[in-house]
Every structure is written in C-alpha cells, then in structure tokens.
Amino acid sequence: MGLGFGIRIGYPCINNSIPHTSPSTFRLASYSENKLVQTVKGNLYHLAQILKYNVKNNLLFFRISSDLIPFASHPICKLDWRALFQSELEQIGDYIKQHDIRISMHPDQFVILNSPNDVILKNSINELTYHCKILDTMRLDATAKVQIHVGGAYGNKVKAIDRFVNTYNNDSLIDDVIKRRLVIENDDRLFNIMDCLSINKHTGIPIVFDCFHHELYCNGEPLKVALCGALLTWNKDIDGSPMVDYSSSNNKAGRKDGKSRKGKHAETINAILFKKFLEETEGLDFDIILEIKDKEKSALKGLKKLKEFGN
DNA sequence: AGCAGTCAAGCATTA
DNA sequence: TAATGCTTGACTGCT
C-alpha cells in the first residue's frame, strides 16, 4: 500500500506532443452528415494514437473529449454513430481494457441536472446519454466515469441541492445507463465538498475531489479531511479507484491588467506544490487528472515526481 | 498565410 | 446591459 503503486496519472482531452491530435469539430452552420462522419473518423484515429502515446509513457488515466462526436446530442444529428463506428469504438475499448487505462469524460457547463427549466434538463440528460453511450459502445465497465458539476444555485443553494437530489433519484428521468457512470465534482464557487457530500448522502453518487477548486472554495476543512470524505463515496469494487482532479493557480507575474488569475489553471505544473500534495496525501489511493494547460508535458513531470516519491 | 471574429447549449460575476 | 470565464481552443471568412 506504498504510495505510487495504485495511483494512475493522466491529463484531459488533448495531447500537444503528437501533431494534429486535438479533437476536431466544426460549426453548426456548416453541418453535414459527411462532414460529421469524416470528423469522427479522424477523432477516433487520433484518440487511438493518444492512448498509444499514453501507454508508452505510462500515463494511464485519460479524459476523452466531449467533442469526439460533434453535435451528437443536437437534434440536427440523425446519424446512427453507434452502429457506424461500433468496431472502431470497440477496438479502442479493447485497447483501454488491455492496458488498464482509466477513462473519464467531462461534459461542459451546459449540463445542469438541477435546472428548474425542463428543456435545459432534457438537453442535459441527452448530453449525458451521449457520453455514456460512447463508453458503453467501447464496452467499458462502470469504472469509466462521466463527471459533472452540481449546477446552478439560482439564489437558493438548499433548494438547488434538493432539486439535484430529486432529479437524480427520479428513475423515470435518470436511468441506470447514466447512473452507473455519473459522478459529481466540487466546483470553485457554488457547491463545495461539503455540499457534494450532502448530495452523496441522499444519492450515493461518488465525488471527484478537485483540489484546486477546494483551495478556492471550502469551509476551511483541511485538504486531507475533505479528500478523505470524497474518497469514501467510491465503491471500489464497482466504481474503481476514486478520481481526483489536480491543478494549481496560474500566477504568471506582471500581467498588464494586474488582475489575479486565481481561477485559471496553471500553464505548467508546479513540481514543488505537487510534491507537497503527494506528501500530504500519502497512503491514500486514487487516480489523478492533472488539469494543467500544457497537458501531457505536466502529466509526465507529475509522474516523475510520483515515482521519486514512491522510492 | 495570417488575422480577427465567432462558436449549440447556462450560470454567476464583473464592468 | 453586456462581457467574461468556465476544460478553452479552433473554426471560419476575410484580407
């Protein structure tokens, strides 16, 4: 149970070391089925390339971009992409399983399960269904997660939390396809780790602990206390090892506007802070996504630190 | 080729 | 009232 054995390190969505592998998309105005098919083909090919790079470099956690299939949940998309790309998705899934790669996806800010607006809720559920179907078609087990934030506060956090819980617990709204993968993450200004834990109590939903958000917004709980709270919400046999997002602040000095860039992610990993984080959390098991702008470069540095620390 | 405006979607904050 | 930031980047049309 020494540190460094269980921990997998990864990064989100983009690899800048391999040319042209950013997931590509296009404008709704220029939508055509042919364009979609060509784009998805390219995206799947590049995803496979990135995963190979990751395995070669021992980066065994990856967040797959929501742009893998552009407009998949938009009404304009009539393409049966599951059928069309089943074999490519299965092959990628096989590779993921073969190398024990941890996978997550992170739909963007438009997915809001506690919205009082039925249309927004419906669109959100469609978007979640799309994400889960990708992972299902890859035949990944329930350790592949789809992570979202709690949503909006709408001026009343207690009611907003209640609405999340009620929606989540309503089986006619959220089915098991989504439930087996959905996890929530503490955000940087509305719903902190205590709020997430309270939602967990009423839903059982696992919590991704975001260290950086916790630093920006919490009730003063020490890092380790908050982190342990989140870790306990994961059922290891089903959900796998808990997921943690790590970043630090972008404190580039001497910006013209003189503003603090507090909410921004760092350009590159601060090795000293990351080492401190590893020291503080020694003995705990989880997988880490490094949400840092230079992506795989920082992930490699982080991995190096982790290995030094384990020795 | 390079530039600037713009991009499906929501919410909260700031100017 | 409008712009900005969020995982922010990259598509697009214009020069």
Side-chain angles (χ1 to χ4, degrees), chain A residues 10-16 19-32 35-36 38-39 42-43 46 61-77 104-131 145-157 159-161 163-164 167 183-192 208 210-213 216-217 243-250 255 257-267 288-296 298-299:
Chain A
Y11 60 97
C13 305
I14 292 171
N15 181 308
N16 294 316
H20 310 116
T21 49
S22 282
S24 101
T25 183
F26 51 88
R27 299 295 165 82
L28 182 57
S30 60
Y31 183 93
S32 77
K35 195 163 199 168
L36 179 64
Q38 297 312 318
T39 301
N43 287 348
H46 292 313
F61 190 3
F62 189 65
R63 182 182 297 165
I64 296 174
S65 169
S66 298
D67 281 337
L68 193 66
I69 302 176
F71 304 105
S73 74
H74 190 282
I76 201 172
C77 178
S104 70
M105 295 186 81
H106 194 338
D108 59 25
Q109 63 269 31
F110 309 107
V111 170
I112 298 177
L113 287 187
N114 73 349
S115 173
N117 178 328
D118 286 344
V119 175
I120 294 171
L121 176 60
K122 188 170 156 282
N123 292 343
S124 299
I125 291 170
N126 286 344
E127 182 72 352
L128 288 175
T129 302
Y130 149 64
H131 282 79
K145 295 300 187 190
V146 173
Q147 87 186 66
I148 59 171
H149 295 287
V150 175
Y154 308 94
N156 187 332
K157 258 176 72 166
K159 279 190 180 163
I161 287 175
R163 231 175 9 253
F164 185 98
T167 299
V183 295
I184 53 172
E185 170 195 350
N186 58 306
D187 68 61
D188 58 353
R189 61 197 211 286
L190 295 175
F191 298 100
N192 58 32
V208 175
D210 187 309
C211 310
F212 186 41
H213 291 163
L216 295 170
Y217 179 45
M243 292 179 175
V244 167
D245 286 349
Y246 178 91
S247 184
S248 53
S249 192
N250 179 345
R255 293 189 63 94
D257 56 12
K259 293 209 160 100
S260 75
R261 312 294 290 182
K262 267 207 154 163
K264 285 223 154 195
H265 287 154
E267 296 286 331
I288 310 173
I289 284 277
L290 294 174
E291 287 187 330
I292 294 174
K293 286 195 64 166
D294 65 358
K295 308 287 178 180
E296 79 286 350
S298 280

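Sequence lines set the chain letters: A, B, ... in the order given, protein chains first and strands last, and positions in each chain run from 1.
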Q) Which is true for A:L190 with a 4.0 Å heavy-atom rule: it touches a base, it touches only sugar-phosphate, or it touches nothing? A) sugar-phosphate

Q: In whole angstrom, give me the gap between the P atoms of C:dA3 and C:dT7.
A: 23 Å

Q | Integer angstrom distance from the P of C:dC6 to that of B:dG2 | A | 29 Å

(Q) Looking at C:dT7, which nucleotide sits across from it as a Watson-Crick or G-U wobble partner, both distances under 3.5 angstrom, or is there none? (A) none

Q) Which nucleotide, B:dT6, C:dT7, B:dC11, lies nearest any side-chain atom of A:D108? A) C:dT7

Q: Return the orientation label for the A:H213 and A:H149 ring planes: parallel under 30°, perpendicular over 60°, tilted otherwise.
A: tilted

Q) Is A:F71 touching bases, backbone alone, or none of the nucleic acid, heavy atoms closer than 4.0 Å? A) base

Q | Nearest heavy atoms of A:N114 and A:R163, plus distance in Å | A | O-NE, 2.7 Å

Q: Mind checking A:S73 for me? I need base, sugar-phosphate or nothing, with any heavy atom below 4.0 Å counting as a touch.
A: base

Q) Parallel, tilted or perpendicular: which fits the ring planes of A:F62 and A:Y11, with parallel below 30° and perpendicular above 60°? A) perpendicular

Q: If C:dT12 has a Watson-Crick or G-U wobble mate with both distances under 3.5 Å, name it; if not, just say none.
A: B:dA4

(Q) Under 4.0 Å from OP1 or OP2 of B:dC11: is there any side-chain N or O of A:H149 that close? (A) no

Q | A:K157 side chain near A:F191 side chain, heavy-atom distance below 4.5 Å | A | yes

Q: Whole angstrom is fine here: how far is it from CG in A:L28 over to C1' in C:dA10?
A: 16 Å

Q. How many Å lie between CZ on A:F110 and C1' on B:dA12, as a whole number?
A. 14 Å

Q) So what does A:S124 touch, heavy atoms closer than 4.0 Å: a base, only the sugar-phosphate, or nothing? A) nothing

Q) A:Q109 has an atom CD; how far is it from atom C1' of C:dT8, in whole Å? A) 9 Å

(Q) So which atom in A:G152 and which in A:A160 form the shortest heavy-atom distance, rounded to 0.1 Å? (A) O-CB, 3.4 Å

Q) How far does the P atom of C:dT12 sit from the matching atom of B:dA8, given to the nearest Å? A) 9 Å

Q) Looking across every strand, which nucleic acid part, if any, lies under 4.0 Å from A:H106 by heavy atom: base, sugar-phosphate, or nothing? A) nothing

Q.
Under 4.0 Å, counting only non-hydrogen atoms across every strand here, what does A:S66 touch: a base, just sugar-phosphate, or nothing?
A. nothing

Q: Rounded to whole angstrom, note down the P distance from C:dT8 over to B:dC3.
A: 24 Å

(Q) Check this one for me: any side-chain N or O of A:K122 less than 4.0 Å away from OP1 or OP2 of B:dA9? (A) no

Q: Just call it for A:R189: base, sugar-phosphate, or nothing, with non-hydrogen atoms closer than 4.0 Å on any strand.
A: base

